[in-house]
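Okay, so here's the structure we're looking at.
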Number of protein chains: 2
Amino acid sequence: MSSNKKNKALELNPNVSIDNIIFGFDFDQLYCLLIDSGISKTTGRPRLAVPGDLIYDNETLDEAANRILKELTGIDNIYLEQIGAFGDPNRMGKESDKEWLKSMRAEPEARVITVAYFSLVKMDDFNPKASSFAESAGWAPINEIHELAFDHYEILQCAREQLKRKIKIQPIGFNLLPEKFTLSQLHKLYESILNKALDKRNFRRKILNLQILTPLNEKQVGVPHKPSQLFEFNEEKYQKLSSEGFDNFGF
Amino acid sequence: MSSNKKNKALELNPNVSIDNIIFGFDFDQLYCLLIDSGISKTTGRPRLAVPGDLIYDNETLDEAANRILKELTGIDNIYLEQIGAFGDPNRMGKESDKEWLKSMRAEPEARVITVAYFSLVKMDDFNPKASSFAESAGWAPINEIHELAFDHYEILQCAREQLKRKIKIQPIGFNLLPEKFTLSQLHKLYESILNKALDKRNFRRKILNLQILTPLNEKQVGVPHKPSQLFEFNEEKYQKLSSEGFDNFGF
DNA sequence: TTAGCTGAGTGTCATAAACACACTTTCAAA
DNA sequence: TTTGAAAGTGTGTTTATGACACTCAGCTAA
């Protein structure tokens, strides 16, 4: 439990980390960005984890979360939201976690509280590349993830729940889509996040009533069916709804 | 990391604390439990703060939050929910905060990340008493709190927002009321939390439609007006609504 | 004893949102 | 020119919302 902080600015805080659930969407399903730190000697399986790092003592938590995102993906200015802190004393207690900690951390025994975030990125903005602390990174379909290092699987489930809750009261889903998109793509996105089928006509009516979409003079091209109208979202209206929410319980 | 519980003091984690926004309701307005650590030498004003403490290395965050609640109020088994982590490097940077830290902390310069919780208590369950790290504790009307130590004022505002959001999708408000209560008391509670007037008839209709209340064969006595029907809430239905939520955006 | 005060309790109508549901259109490829 | 694939569109029913005003029961004080 060190706290020898002579040189605060440059020092990693060995007790607090950030883990960042990065969501993407490919018009078909939700993905999560994972890093693979190699084959575990104890389990013989790849050791998949969510990107994260210890924080520096001179950065805020939000800055640290943005830094991790930037270091890994090279992109900035991404939708980012805190999920909360995870601090079970045994959260890093699996054998394969200990093995990794010994090889990577100056104080492998230190108790680390992690602050989890989730972010929403447009999948084609990001071209995975190796980061300084993982051998590789890549998108994994959310429904195919069944096990992760540390308590990352649990954090992922919390992130999904929070996203589900949030998308019903703020139009943040647009962060997962490109500038121009079709109503069907948006529809599929909502179905993927909420994990259930939504009636097409009712969905379209509701979204259009929010008046958050601007139809473009443009259609899909080259598709083997009736081409779809493209939309962009209305930034102004979006800001308004984002701050007010559009909650509806009635009170 | 030692797990020698004989000497807990050695296991205090100097980098992570818990702060707990404790809400109460007196049938008229919302209150927050504050501790007063004495007159600040630098400001000459009382130094009011939310109860909190560093965590021990062998407890989970939830356990630490419960411990703080128990140490201060003597009560257990309280509704408790995490708000999130607050970690601005300058969150303890006010002069009056530094003064206090020097007198109370082994490592006054250490950067401390705090994990905030809020809890809902039945006000008459709690009889304020001095705790080990504050000279006194007491209920303050939420609307009369304008300044607090550290970043506690900001945390309080987040807590109010979270409570507002939450009460619309889960019936957690009941935690602030005694076993038996009237519809008017519940109505006033919702108005206090949401900070706006709600139509009496519409409110009663909606709450009764949730079928979460069981009318008792009991009325108020000794009131100088028509005595009010008392209700208790239906635990079973409450659990069901709590887990499902009763969100209503329509999707 | 009665008049007056206080808050409890109650119903309806108009409007808006939700939900369920099936066929036609447009384009590309075979 | 036929076929397959997804886009796009409307209505009727049901349910929830929001606005709104008077009577009732019990206490107190004249």
Side-chain angles (χ1 to χ4, degrees), chain A residues 25-29 167-169 171 177 180-192 194 196-232 241 244-251, chain B residues 25-29 167-169 171 177 180-192 194 196-232 241 244-251:
Chain A
F25 178 66
D26 71 348
F27 303 141
D28 179 49
Q29 56 179 328
I167 206 178
K168 293 182 193 177
I169 53 171
L177 294 170
K180 300 172 182 181
F181 52 86
T182 71
L183 280 179
S184 296
Q185 289 165 346
L186 187 61
H187 182 197
K188 184 75 190 176
L189 173 60
Y190 272 73
E191 291 189 324
S192 303
L194 298 174
K196 66 175 180 189
L198 302 172
D199 179 82
K200 183 162 58 158
R201 280 170 291 189
N202 294 338
F203 176 81
R204 292 165 90 95
R205 176 160 32 100
K206 270 192 235 188
I207 290 291
L208 291 172
N209 282 347
L210 292 177
Q211 295 190 271
I212 204 181
L213 298 185
T214 309
L216 299 170
N217 290 326
E218 231 179 308
K219 288 175 190 274
Q220 279 183 314
V221 289
V223 289
H225 53 76
K226 182 171 176 177
S228 178
Q229 168 75 252
L230 287 165
F231 292 84
E232 61 184 3
L241 282 183
E244 292 171 9
F246 37 82
D247 117 71
N248 208 24
F249 181 52
F251 286 126
Chain B
F25 179 65
D26 71 348
F27 303 140
D28 179 50
Q29 56 180 326
I167 206 178
K168 292 180 193 177
I169 54 171
L177 294 170
K180 301 171 182 183
F181 52 86
T182 71
L183 280 179
S184 297
Q185 290 165 347
L186 187 61
H187 182 198
K188 185 73 189 178
L189 172 61
Y190 272 73
E191 291 189 324
S192 302
L194 298 174
K196 67 176 179 189
L198 303 172
D199 178 81
K200 182 164 56 159
R201 280 170 293 189
N202 294 339
F203 176 80
R204 293 166 87 96
R205 185 183 31 184
K206 270 193 235 187
I207 290 292
L208 291 173
N209 282 346
L210 293 178
Q211 295 188 271
I212 202 180
L213 297 185
T214 309
L216 299 171
N217 289 326
E218 230 179 309
K219 288 173 189 273
Q220 279 183 315
V221 287
V223 289
H225 54 74
K226 182 171 176 177
S228 178
Q229 168 74 251
L230 287 166
F231 291 84
E232 61 183 6
L241 283 182
E244 291 171 8
F246 37 82
D247 115 71
N248 208 21
F249 182 52
F251 286 127

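In what follows, chains carry the letters A, B, and so on, assigned in the order in which the sequence lines appear, proteins first and then strands, with residues in each chain numbered from 1.
Here the C1' atom of nucleotide dG7(C) and the NE2 atom of H187(B) are 13 Å apart, to the nearest Å. The separation between N209(B) atom CG and dT10(C) atom C1' is 15 Å, rounded to whole Å. In this structure, the CZ atom of F203(B) is 16 Å from the C1' atom of dA16(D), given to the nearest Å. Rounded to an integer number of Å, the gap from I207(B) CD1 to dG18(D) P is 14 Å. Rounded to whole angstrom, the span from the CG atom of L208(A) across to the C1' atom of dG10(D) amounts to 14 Å. The distance from atom CG of L210(A) to atom P of dA18(C) is 10 Å, rounded to the nearest whole Å. In this structure, F27(A) atom CZ and dA7(D) atom P are separated by 12 Å, rounded to whole Å. Remark: P of dA16(D) and NZ of K206(B) are 11 Å apart, rounded to the nearest angstrom.
Contact annotation: S184(A) reaches the phosphate of dA7(D) (side-chain N/O to OP1 or OP2, under 4.0 Å). Applying the 4.0 Å criterion to OP1 and OP2 of dG9(C), one finds that S228(B) has a side-chain N or O inside that range.
When each of Q185(A) and K200(B) is assigned the nucleotide of DNA chain D bearing its nearest heavy atom, the one mapping closer to the 5' terminus is Q185(A). Mapping H225(A) and V221(B) onto DNA chain D by nearest heavy atom places H225(A) at the nucleotide closer to the 5' end.
A donor-acceptor contact under 3.5 angstrom links the side-chain atoms of R201(A) to the base of dA22(C). Side-chain to base pairing of R204(A) with dG10(D): no donor and acceptor N or O lie closer than 3.5 Å to each other.
Salt bridge absent: E191(A) and K196(A) never bring a charged side-chain N and a carboxylate O closer than 4.0 Å.
Looking at heavy-atom distances under 4.0 Å, D199(A) makes contact with a base. At the heavy-atom level, Q229(B) lies under 4.0 Å from the strands shown only through sugar-phosphate atoms.
Tested against N202(A) for a side-chain hydrogen bond (donor to acceptor under 3.5 Å, both in side chains), the candidates R204(A), R205(A), K200(A) yield a single pass: R205(A).
Taking only side-chain atoms of K226(B), from C-beta outward, the nucleotide of dA7(D), dT17(D), dC24(D) with the closest atom is dC24(D). Among the nucleotides dT17(D), dA8(C), dC19(C), the one closest to the side chain of R205(A) is dC19(C). Listed candidates were dG26(D), dG8(D), dA20(C). Nearest to the side chain of N202(A) is dA20(C).
A donor-acceptor contact shorter than 3.5 Å links the side chain of H187(A) to the backbone of L198(A). Not one N or O on the side chain of Q229(A) forms a donor-acceptor pair closer than 3.5 Å with the backbone of K219(A).
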Inset, instruction - Show your reasoning for whether side-chain contact (heavy atoms from CB on, under 4.5 Å) applies to F181(A) and L213(A). - result: CA-CA 10 Å; F181(A) 52 86; L213(A) 298 185; 3.7 Å; yes

